[in-house]
Amino acid sequence: MEVALVHGRGGEGWTMPLPGGAVAYHPDLAAAVTAIEADARQSSNPSGGAREVGERAGTASGADGAGAGVAEKERVEDRHADPDPGGPGRPDFGHGHPDSPRWVLADAAHDYPPLLQAGARLDRCRDLRLAERILSRVEGREPPAVTAESDPDAGTLFEREPEPVDGPAILVRLQATWLDQRRRTAAADLPGLGTLLAAESAGALVAAEMSRTGVPFDRGVHDRLLRDLLGPRPTKGMRPRKLQALADKVIDAFGHQLNPDSTKQVLAAFHAAGLDVKNTHSWELASVDHPAVEALKVYREHARVWSAFGWNWADAWVSETGAPGAGADPAPADRGRFRPVYMVGGADTGRWGTDGGGALQLPHAVREAIRAEPGWKLVAADAAQLEPRLLAAISGDRAMIAATAADDLYTELAPRLGGERSKAKIALISAMYGGTAGDAAQLVQLMKDRFPAAFHRVESAARTGEKGGLVRTWLGRTVPAPGERWWQTLNSEDGIRAATGRGRFTRNFIVQGTAAEWALVLLALLRRELHERGLGELVFFLHDEVVVHCPATHADTVGAVIEQAAEAATRTLFGDMPVRIPLRPKVVDSYSEAK
DNA sequence: AACGTCAGCGCC
DNA sequence: AAAGGGCGCTGACGTT
């Protein structure tokens, strides 16, 4: 087995060719990174002309089936032989040039940022850590816990091994893991699994790139929003003036001192006022007639913005512009970029999470501060009613698939689901989430009558989950198997509750998880297209919406590209099935104008 | 002082 | 507006 260490321009760290044009990569030691940084400084184009690492290292690999001039037909055939394909005709969603390898990384979240820092861009990759989790769960197991012991740098890739491995030896481990995963992917015999692994890995690249790019953010606007809501920024340890006034209103309403942040004190205060409330949730208090209720509600809303998305938050998460694209104009002083850390596959369903920054919970109250830079626009696009559309697709319910032709699915279905749009919405959401309260039970019954295939799909997922079984998304992402404790307590009261809860989870999993993978494929295709055509930068992703930052002159083109990517994502998952999943792009200056 | 859990609520 | 799956983040509170 040939092992190559590629120095300088084009390749960094340890690499080793693998079958099928893939290249194992490991960022060996700080020394290699230092060398890259020195090189990047010399080449003096850290942003606009990011180098394609793949373009050079591919020649170093000399791997089979990857020579220049390979006919398109052969490439397609090769894809069919490959258990790890990507998008249509383009393995792993990269641009698919013959000399562009698939980089096999132990953990892109760890290994890719230094490469980005050095000015490199990976076209496509396989993330072994993310793939391992997906494959383990397909097999009904839990992936090994991520601990210091299983740190790839210590040479123990998904297995505990006492002796450290370093230098080229790590590549042997990477290769073994990759081959093992290929074998398991093929053995799983799930037609979408290769696409899922490719999309997850592409997502890892997108996440690292987006964290680096950041969301354009206007500190001045943010400060103005906060001042309007809270008053001027207070000195440390003090509440903002307007927030303190709200706290005083709560105190006045109760007629005695208390801390409105303390649920214990608030609950006691309601009890002292002769009101028998179980807790202080907003919905529990909604039916309570007491002057403190409204004051408390407003206090909590504002306190939330202050503590979670206020000045301290901006200090911690908004950094200098460093705009990769918006080069020419010097950015105004209060411009910055919000740079959250994304966790690909952070939720079991495959949705992303964040590790700090709260990017996935940005309140609408501060979204006005997310603003395009001068001469640029934000193109924000969200998929309307993504989950019910995917329920139609995965269940094969013909009547519901036909209804996805409409822009507003709920209005389209209303005549058959209770008459009003709002009732159709409850019927669908309750079917997908397992709701039973209020009108829900009756409306779900309507679902059963009018759309039996769709109804059966979520019901059987719930039944499987209650019994401890496994359910999978369209592409094959699989729920975690129940733990030992789940089985042991099965017949107790707690066990029954846990089983019902798991049923609700698996019911929702097939829909939410398929939505997550559709969005992942969309992101992967969009990333490739934006880069190939040099149109703009992906800056934000939130479950079913994307935001691209681009020069104003490109905005309409970007909108069209986003719509095309959505259509391509739908075809990647569902082929000729006549399901429609529209994505509505909107060109705006501020994120608050979207939606 | 540091850490974990809970209640509550932000987003999809 | 409700119903209800998935998250992250906060301050309070209880424990070490």
Side-chain angles (χ1 to χ4, degrees), chain A residues 237 239 247 258-268 277-287 296-310 312-313 316-317 340-343 345-367 382-388 391 420 422-423 425-444 447 458 461-462 465 471 473 477 479-480 500-516 519 540-546 591 594-595:
Chain A
R239 281 199 185 99
L258 87 168
N259 178 2
D261 288 326
S262 166
T263 45
K264 199 182 165 192
Q265 290 178 36
V266 170
L267 191 61
V277 292
K278 290 198 299 289
N279 53 55
T280 69
H281 282 134
S282 51
W283 57 87
E284 173 81 7
L285 297 179
S287 58
L296 183 66
K297 181 173 176 284
V298 179
Y299 172 82
R300 280 175 170 170
E301 278 172 22
H302 293 203
R304 174 92 201 154
V305 173
W306 175 51
S307 63
F309 297 95
N312 292 343
W313 168 84
W317 293 102
V341 177
Y342 297 95
M343 294 189 306
D348 287 339
T349 56
R351 275 190 175 181
W352 289 14
T354 52
D355 184 12
L360 273 46
Q361 301 102 244
L362 264 189
H364 289 97
V366 302
R367 291 189 178 188
D382 75 308
Q385 303 135 5
L386 178 58
E387 294 188 359
L391 172 58
E420 296 161 34
S422 60
K423 296 205 171 191
K425 184 176 179 180
I426 295 169
L428 275 165
I429 289 178
S430 301
M432 292 187 296
Y433 292 157
T436 53
D439 289 349
Q442 185 199 335
L443 290 167
V444 168
M447 269 285 298
V458 285
V471 300
T473 61
R477 195 188 298 270
V479 286
T500 311
R502 188 161 194 276
R504 272 200 300 274
F505 170 53
T506 52
R507 173 196 293 273
N508 183 248
F509 180 93
I510 59 169
V511 181
Q512 188 186 118
T514 302
F540 198 51
F541 169 59
L542 181 53
H543 306 318
D544 66 350
E545 64 182 277
V546 294
Y591 188 36
K595 270 205 160 158

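What's counted below: heavy atoms across the whole structure, side chains too, no hydrogens, waters or symmetry copies. First the proteins, then the strands, lettered A, B, ... as listed; each starts at 1.
A:Met432 has its CE atom 12 Å from the C1' atom of C:dA3, to the nearest Å. What separates NZ of A:Lys423 from P of C:dA3 is a distance of 15 Å, to the nearest Å. The NZ atom of A:Lys278 sits 13 Å away from the P atom of B:dA7 (whole-angstrom rounding). Taking atom CD of residue A:Glu284 and atom C1' of nucleotide B:dG8, one finds them 13 Å apart after rounding to whole Å. Distance, A:Leu285 CG to B:dA7 P: 15 Å, rounded to whole Å. Atom OH of A:Tyr299 and atom P of B:dA7 are 19 Å apart (whole Å).
Residue A:Ile429 is classed as having no contact, given no heavy-atom separation below 4.0 Å to the nucleic acid. Using a 4.0 Å heavy-atom criterion, one finds that A:Arg300 contacts the sugar-phosphate atoms exclusively. A:Arg502 comes within contact range of no nucleotide atom at all, as no heavy-atom separation falls under 4.0 Å. A:Glu387 comes within contact range of no nucleotide atom at all, as no heavy-atom separation falls under 4.0 Å.
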Expected string for nucleotides 6-16 of chain C under the B/S/- scheme (protein heavy atoms, under 4.0 Å, primed atoms plus P, OP1, OP2 as sugar-phosphate) is BSBBSSSSS--

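Residues meeting the ring-ring contact (aromatic ring centres under 6.0 Å, His included) test with A:His281, sequence neighbours left out: A:Trp283. Not a single ring-ring contact (aromatic ring centres under 6.0 Å, His included) links A:Tyr299 to another residue, sequence neighbours left out.
Taking the six-membered ring for Trp and the full ring otherwise, A:Tyr342 and A:Phe541 have centroids separated by 6.0 Å or more.
Using a 4.0 Å cut-off between a side-chain N of Lys or Arg and a carboxylate O of Asp or Glu, A:Glu284 and A:Lys297 do not qualify as a salt bridge. With salt bridges taken as basic N to acidic carboxylate O contacts below 4.0 Å, one links A:Asp261 and A:Arg239.
No side-chain heavy atom of A:Asn312 sits less than 4.5 Å from a side-chain heavy atom of A:Trp306.
Checking side-chain atoms of A:Glu545 against main-chain N and O of A:Ala383 turns up no donor-acceptor pair under 3.5 Å.
For B:dC6, neither phosphate oxygen OP1 nor OP2 lies less than 4.0 angstrom from any side-chain nitrogen or oxygen of A:His281.
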